[in-house]
Amino acid sequence: MKTLAVCYSKTGNTKTVAGAVVKKLGCDLDVLQYDEKTKMVTPSRDPAEYDRVVLLSPVWAFSLSEPMKLYLDAHSRGIKAYSLIVTCGLFGLGGCVGHCKKVIGRPPEKALKIKAKAVKQGSFSLSDIFAQ
Ligand SMILES: Cc1cc2nc3c(=O)[nH]c(=O)nc-3n(C[C@H](O)[C@H](O)[C@H](O)COP(=O)(O)O)c2cc1C
């Protein structure tokens with residue numbers, strides 16, 4: 001199965017998790033570039049070319065980060081199967097899943113929340129979401 005991990009990260013936590021996903025699945029990675037002035041998000045790969053997408057975003061205000069929302073607004077139609085991983089201070093996964101459902105039209109196959117503290121400590125596990 002051809003998999004693409006799509007990541008936005010402002011301060012590095014989500015990017016660390018994306019690195020672990022790439023290591024586990026041996027998949028491609030698209031790290032979204034976001035220009036705060038123009039509010040433009042720039043992807044480097046087309047999700048429509050992949051069987052599965054793993055979306056990775058920080059939680060912002062109990063929902064997805066703004067750059068990931070912008071990405072989905074432009075590219076959700078190309079997404080086939082997808083899973084969602086968020087990093088957060090405490091909580092907000094429910095709002096992120098709700099947003100994905102609304103925009104993509106179906107829920108993620110798997111959804112995982114990882115706390116920033118666990119990222120910093122290197123104590124998070126992906127085995128709940130990718131059992132291989
Ligand atoms: C604008 C903003 C809003 C945030 N809102 C939440 C929130 O609602 N709930 C939460 O648990 N953490 C929240 N956080 C914390 C981040 O989700 C958390 O630190 C995350 O791991 C940052 O990921 P990054 O290092 O990849 O940018 C927020 C952070 C920022 C910058």
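One-based numbering, in listed order, for ligands and for the atoms of each. Quick caveat, the model's predicted, so the values are computed rather than measured.
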- For W60, does its backbone N or O pair with a side-chain atom of S65 as donor and acceptor, under 3.5 Å? no
- Message: Assess whether a salt bridge exists between R45 and D28, defined as any Lys/Arg side-chain N lying under 4.0 Å from an Asp/Glu carboxylate O.
- Response: yes
- Is E36 salt-bridged to K10, cutoff N-O under 4.0 Å? yes
In a simple table, one pair per line, please give the protein and ligand 1 atom names for every N or O pair closer than 3.5 Å, along with the distance.
from, atom 1, to, atom 2, distance (Å)
ligand 1, 5 (N), V59, O, 3.4
ligand 1, 5 (N), A61, N, 2.9
ligand 1, 8 (O), A61, N, 3.2
ligand 1, 8 (O), F62, N, 2.8
ligand 1, 9 (N), F91, O, 3.0
ligand 1, 11 (O), G89, N, 3.0
ligand 1, 11 (O), L90, N, 2.7
ligand 1, 11 (O), F91, N, 3.0
ligand 1, 11 (O), F91, O, 3.0
ligand 1, 12 (N), G89, N, 3.0
ligand 1, 14 (N), V59, O, 3.3
ligand 1, 17 (O), V59, N, 3.4
ligand 1, 17 (O), V59, O, 2.7
ligand 1, 17 (O), T87, O, 3.4
ligand 1, 21 (O), N13, ND2, 3.0
ligand 1, 21 (O), T87, OG1, 2.7
ligand 1, 23 (O), T14, OG1, 3.4
ligand 1, 23 (O), T87, OG1, 3.3
ligand 1, 25 (O), T11, N, 3.3
ligand 1, 25 (O), T11, OG1, 2.4
ligand 1, 25 (O), G12, N, 3.1
ligand 1, 25 (O), N13, N, 2.8
ligand 1, 26 (O), S9, OG, 2.6
ligand 1, 26 (O), N13, N, 3.4
ligand 1, 26 (O), T14, N, 2.8
ligand 1, 26 (O), T14, OG1, 2.6
ligand 1, 27 (O), K10, N, 2.8
ligand 1, 27 (O), T11, N, 2.9
ligand 1, 27 (O), T11, OG1, 3.3

- Mark yes or no: K24 above the aromatic ring of F130, with NZ or CZ under 6.0 Å from the six-membered ring centre and no more than 45 degrees from the axis. no
- Note on the structure: Nearest heavy-atom contact between I129 and L84 is CD1-O, 3.9 Å
Please report, to 0.1 Å, the donor-acceptor pairs under 3.5 Å made by any side chain of residues 111-120, with sequence neighbours excluded.
from, atom 1, to, atom 2, distance (Å)
K113, NZ, L90, O, 3.1
K120, NZ, N13, OD1, 2.9

